[in-house]
A.B. asks: 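Mind looking over this structure? Questions follow.
For this chain, numbers begin at 1 and follow the sequence in order. Every value quoted in this text rests on a predicted model; they were computed, and no experiment measured them.
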Amino acid sequence: MSTDTASLFLHPDRNIALELVRATEAAAIRSYPWIGKGDKLGADGAAVDAMRAFLGTVDFEGVVVIGEGEKDAAPMLFNGERVGTGRGPACDIAVDPIDGTSLTAAGRHNALSVIAVSDRGTMLDASSVFYMDKIVTDASGIGVVDIRKPIGENLRALAAAKGKDVSELRVAVLNRDRHERLIADIREAGAGTRLMSDGDVAGGINAARYESRIDMCVGIGGSPEGITTACAIKALGGFMQGVLAPKDDAERARGEAAGLDCERVYELDDLVRGDNTFFVATGVTDGELLDGVRKKGPIVRTESIVLRGKSGTIRRIVADHLVEKWLVDDAL
């Protein structure tokens, strides 16, 4: 046993994610009555209120780097807000009470409640540029795939690294008009696509999981979701790159003023530095990654995933909660 490995057993530190999962569970449960009701703002509001209430009980000094928006636009969980009790480790935090509000409102798959955490000052603040072009794979893509290469070349290289034929690969892509050429190129290379209506955090994580049917996730999605995903990829030992994609010259200027480089390929360690990362997600609606919230008589059941970068640990948590404690107006 190496000294480093032994230290994990002799001097175990707290896995703060096991406390944070209570906040994603709360957000998912509170959004349950809104599933399929067509009101994404109502669902998001319920999830934000629940998550914020529980974050206030966690012993850490959190600063929201990736939040619901600027303070004037979103009074809850805004960028720069301080959360937690103020006692414990100093952390950067990314929150998305519902990644996939439209999915939730429509009753569609793959909506999640998400929190990601890293040491203070290690999480890239890309909030001034909303979109990011991303590529994610499992460890097979390390040293093999590069976002600067054509997608066909990347698919052939990844297939060879995995010992597969290109025709066996499945690529997750957000179903957007901007990806029309990308989707065509993937199919022309011989690979299949898994088109996502929303929720590219789940798409990125599935691309890095060994048991997933997804081999790669590519395309332009939210830069906040990119930073959040990076915390999970650290724990999964996967590969990720990102390039900021400003929508116009004004946004490019704002990004550059904030110290961002819109021409740079941001590697995984640029998106989140170090390995002391935590990622927590609870399913809101059913998906390949997690089951959604389910009401079963007197209980409501949640499924969550807890990932830790430093130890490379992946935990799944299934919890039953009394309905009477949660799905009433004054439960919180």
A.B. asks: Take R176 and D198, measure what salt bridge (charged side-chain N to carboxylate O under 4.0 Å, His left out) needs, and give me the verdict at the end.
C.D. replies: CA-CA 9 Å; R176 299 288 189 272; D198 281 294; 2.9 Å; yes
A.B. asks: How far apart are the C-alpha atoms of L236 and I205, what are their side-chain angles, what is the distance that settles it, and do they pass the side chain to side chain contact (heavy atoms under 4.5 Å, CB included) test?
C.D. replies: CA-CA 8 Å; L236 293 168; I205 294 171; 3.9 Å; yes
A.B. asks: Taking all heavy atoms of S31 and all of T104, pick out the closest pair and write down the distance.
C.D. replies: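 That closest heavy-atom pairing would be O-CG2, 4.5 Å.
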A.B. asks: Determine whether a donor-acceptor pair (N or O, by modelled atom type, separation under 3.5 Å) exists between the side chain of K134 and the backbone of I220.
C.D. replies: no
A.B. asks: So, T24 versus S113: side-chain donor-acceptor pair below 3.5 Å or not?
C.D. replies: no
A.B. asks: Answer yes or no: is there a side-chain heavy-atom contact under 4.5 Å between T285 and I35?
C.D. replies: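 Yes - at least one pair of side-chain heavy atoms lies under 4.5 Å apart.
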A.B. asks: Looking at side-chain heavy atoms only, is the closest gap between P97 and V48 below 4.5 Å?
C.D. replies: yes
A.B. asks: Strictly below 4.0 Å, N to O, side chains only: are R52 and E81 in salt-bridge contact?
C.D. replies: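 So R52 pairs with E81 through a salt bridge.
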A.B. asks: For R148 and D146, what are the C-alpha separation, side-chain angles and deciding distance, and is it a salt bridge (charged side-chain N to carboxylate O under 4.0 Å, His left out)?
C.D. replies: CA-CA 5 Å; R148 288 162 283 215; D146 193 302; 2.8 Å; yes
A.B. asks: Look at the side chain of S212 and the backbone N and O of A208, then say whether any donor-acceptor pair between them is shorter than 3.5 Å.
C.D. replies: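 Here the side-chain-to-backbone pair does not exist.
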A.B. asks: With a 3.5 Å cut-off and no angle check, do the side chains of S128 and E251 form a donor-acceptor pair?
C.D. replies: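 Side chains of S128 and E251: no pair found under 3.5 Å.
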A.B. asks: Under 3.5 Å, side chain of N154 to main-chain N/O of I151, donor-acceptor pair present?
C.D. replies: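 Side chain of N154 to backbone of I151, a donor-acceptor pair under 3.5 Å: no, none is there.
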A.B. asks: For D59 and T85, test the side chains for any donor-to-acceptor distance below 3.5 angstrom and give the result as yes or no.
C.D. replies: yes
A.B. asks: Within a reach of under 6.0 Å around CD of E188, are more than 12 heavy atoms found that belong to other residues, nucleotides or ligands?
C.D. replies: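 Counting neighbours around CD of E188, more than 12 heavy atoms of other residues, nucleotides or ligands fall under 6.0 Å, so yes.
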A.B. asks: Whether the side chain of T122 engages the backbone of D119 through a donor-acceptor N/O pair (distance < 3.5 Å, no angle test) should be reported.
C.D. replies: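 Indeed, once roles are kept as given, a pair shorter than 3.5 Å links the two residues.
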A.B. asks: Other than I299, what residues sit in its cluster of Ile, Leu, Val, Met, Phe, Trp and Tyr side chains whose heavy atoms are under 4.5 Å apart, directly or through others?
C.D. replies: L322
A.B. asks: Is it the case that R178 places NZ or CZ above or below the six-membered ring of Y131, under 6.0 angstrom from the centre and within 45 degrees of the axis?
C.D. replies: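 Verdict for Y131: a cation-pi partner in R178.
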A.B. asks: I'd like to check L289 versus N110 (side-chain heavy atoms, cut-off strictly below 4.5 Å). Are they in contact?
C.D. replies: no
A.B. asks: Check the pair R301 / D320 against salt bridge (charged side-chain N to carboxylate O under 4.0 Å, His left out), numbers first and verdict last.
C.D. replies: CA-CA 4 Å; R301 178 167 295 166; D320 289 343; 2.7 Å; yes
A.B. asks: Is the count of non-hydrogen atoms from other residues, nucleotides or ligands lying under 6.0 Å from R181 atom CZ greater than 12?
C.D. replies: yes
A.B. asks: If we count only N and O atoms by modelled type, under 3.5 Å, do the side chains of R187 and T193 hold a donor and an acceptor together?
C.D. replies: yes
A.B. asks: Are the side chains of I147 and Y266 in touch, meaning some heavy atoms are under 4.5 Å apart?
C.D. replies: no
A.B. asks: Could you check V272 against S118 for side chain to side chain contact (heavy atoms under 4.5 Å, CB included), going step by step and ending with a plain yes or no?
C.D. replies: CA-CA 8 Å; V272 182; S118 64; 3.8 Å; yes
A.B. asks: Would you say the side-chain atoms of D92 pair up with the backbone N or O of G121, donor to acceptor, closer than 3.5 Å?
C.D. replies: yes
A.B. asks: Is the closest basic N to carboxylate O distance between D49 and R30 below 4.0 Å?
C.D. replies: no
A.B. asks: Kindly say whether K40 contributes a backbone atom to a donor-acceptor pair with the side chain of D44 at under 3.5 angstrom?
C.D. replies: no
A.B. asks: Run the side chain to side chain contact (heavy atoms under 4.5 Å, CB included) check on C91 and R120 step by step: do they pass?
C.D. replies: CA-CA 4 Å; C91 302; R120 176 69 55 80; 5.6 Å; no
A.B. asks: For a 4.5 angstrom cut-off between non-hydrogen side-chain atoms, does C217 reach I135?
C.D. replies: no
A.B. asks: Can you sort out the partners of H321 under ring-ring contact (aromatic ring centres under 6.0 Å, His included), two or more places apart, ordered by chain and number?
C.D. replies: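 H321 satisfies ring-ring contact (aromatic ring centres under 6.0 Å, His included) with W326 only.
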A.B. asks: Less than 4.5 Å apart, any side-chain heavy atom of P298 and any of E324?
C.D. replies: no
A.B. asks: Between L268 and Q241, is a side chain to side chain contact (heavy atoms under 4.5 Å, CB included) present by the stated rule, with each step listed?
C.D. replies: CA-CA 6 Å; L268 183 58; Q241 291 175 321; over 6 Å; no
A.B. asks: Applying salt bridge (charged side-chain N to carboxylate O under 4.0 Å, His left out) between D215 and each of K162, R170, R194, R209, report the one that passes.
C.D. replies: K162
A.B. asks: Sub-3.5 Å donor-acceptor pair from the side chain of E168 to the main-chain atoms of D165, do we have one?
C.D. replies: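 Yes; judged by distance alone, with no hydrogens or angles, the pair exists.
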A.B. asks: Contact between V323 and K295 at the side-chain level, heavy atoms closer than 4.5 Å - yes or no?
C.D. replies: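 Yes - at least one pair of side-chain heavy atoms lies under 4.5 Å apart.
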A.B. asks: With the threshold set at 4.0 Å, does a side-chain nitrogen-carboxylate oxygen contact exist between R82 and E61?
C.D. replies: no
A.B. asks: Determine whether D138 and F239 make a side-chain contact, defined as any pair of heavy atoms from C-beta on separated by less than 4.5 Å.
C.D. replies: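 A side-chain contact under 4.5 Å is absent here.
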A.B. asks: Just by distance, do the side chain of H179 and the backbone of V173 share a donor-acceptor pair under 3.5 Å?
C.D. replies: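 Flag not set: sc H179 to bb V173 has no pair under 3.5 Å.
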